[in-house]
2 protein chains.
Amino acid sequence: MKYSSNELLDDIDIQLLKHLGQDSNIATKDLAAKVNLSPSPVFERLKRLEASGFIKKYIAVLDAEKLSYGLMIFCNIKLKQHDKAIGSDFVKDVMQLKEVVECYNISGDYDFLLKVYARDMKHYQDFVFNKLGSVKSIGSTHSTFVMCENKNTHNINL
Amino acid sequence: MKYSSNELLDDIDIQLLKHLGQDSNIATKDLAAKVNLSPSPVFERLKRLEASGFIKKYIAVLDAEKLSYGLMIFCNIKLKQHDKAIGSDFVKDVMQLKEVVECYNISGDYDFLLKVYARDMKHYQDFVFNKLGSVKSIGSTHSTFVMCENKNTHNINL
DNA sequence: CTTGAAAAATGGAGGGT
DNA sequence: ACCCTCCATTTTTCAAG
């Protein structure tokens, strides 16, 4: 069975992923035309790419600014201590916070990096003092504010 | 006309955006069932939300690891000088690099923050020395490596 | 918003290279 | 193993009320 372990995708699969990573609303027949196939085999390939996890899901990309989340912040976090229990406590707590859209365990001076969306500075202040402030495992934080988003492809570029 | 300037979305629009931001493959009729409406008005709302830009696009979310881009790096960049021309030169150059999936102009010690995907350390080394290395406007860089992705919602949480 | 109907996409069967 | 054409079913799309 194809794609079972670490099997390679062929050129057409890569083409399909490349297109769908940028626009998934394209009709199967238009996608088929782009890779010079008929809709059926393309349809079968899509189902396989979904079932095998190369495609995780399909989403609508929303305009954060229009939805009044005009402020993006990268928040660096240092834990109080570095044992496993403290770390998983932190992750569990931070997962609940709706302002946090991404959370990474990182190398360097800080332990975690959060990408945070806030309506405005007042909202972010409340987030830091009231929400992060009540997460016990946090030692210190450092915020970096985004002034301008120059590029965001939302996917790896194959 | 609805949504023309800074008009408010109603509760149902927000519900629709919330669902589509997590899964856009849902059929209109299933979406309609979730908000207790028939497919037609939901369809009309979707078209308005798309036309007015609240929904920017629809994409497939790809599995970077499975596609052998197992390494994520946040690369902080300091420019040589801080005039407008140098800044836009940098943005223009960095836009071309396929390893860079996000680029932000930020506050703090560094000028830009890049989110970078690489196959492995060798690939990233090549990226820093050969690709970033040939961008004239760059003064210095500082890389932060992602050890674990704990959360990624791919959208604001309404 | 509802009804209702035309247009289109989905997903399978069966056959060919 | 992969692709094709054909066709039934379902879904999308868009009138008109």
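Residue numbers begin at 1 in each chain, while the letters A, B, ... track the order of the sequences. What you see is a predicted model, and the numbers here were worked out from it, not measured in a lab.
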Checklist entry - Between C:dA9 atom C1' and A:Leu46 atom CG, what is the distance in whole Å? => result 13 Å
Next on the checklist: Looking only at the side chain of A:Arg48 (C-beta and beyond, no hydrogens), which of the listed nucleotides C:dT3, D:dC2, D:dC4 gets closest?
Outcome noted: D:dC2
Checklist entry - Less than 4.5 Å apart, any side-chain heavy atom of B:Asp10 and any of B:Arg45? => result yes
Checklist entry - Which residues satisfy the ring pair (Phe, Tyr, Trp, His ring centres under 6.0 Å) test with B:Tyr117, sequence neighbours excluded? => result none
Item to check | Reading 5' to 3' through nucleotides 12-17 of chain D, protein heavy-atom contacts under 4.0 Å coded B for base, S for sugar-phosphate only, - for none | outcome: SSB---
Next on the checklist: Quick check against the 3.5 Å criterion: does A:Asn155 have a side-chain atom that pairs as donor or acceptor with the backbone of B:Leu62?
Outcome noted: yes
Item to check | Length of the line joining A:Leu16:CG and D:dC2:C1', which is rounded to integer Å | outcome: 14 Å
Checklist entry - Any idea how B:Tyr69 and B:His123 line up, ring-wise: parallel (<30°), tilted (30 to 60°), or perpendicular (>60°)? => result perpendicular
Checklist entry - According to the ring pair (Phe, Tyr, Trp, His ring centres under 6.0 Å) rule, which pairs have a member within residues 139-158 of chain A, sequence neighbours left out? => result A:Tyr124-A:Phe145
Checklist entry - Could you state the CG-P distance from A:Leu31 to D:dC3, rounded to the nearest angstrom? => result 13 Å
Next on the checklist: D:dC3, OP1 or OP2 - any side-chain N/O from A:Arg45 closer than 4.0 Å?
Outcome noted: yes
Next on the checklist: Between C1' on C:dG16 and CG on A:Leu37, what's the gap in Å once rounded to a whole number?
Outcome noted: 16 Å
Next on the checklist: Out of the candidates B:Asp111, B:Val94, B:Leu132, B:Leu113, only one should pair with B:Ile77 under the side-chain contact (heavy atoms from CB on, under 4.5 Å) rule; please name it.
Outcome noted: B:Leu132
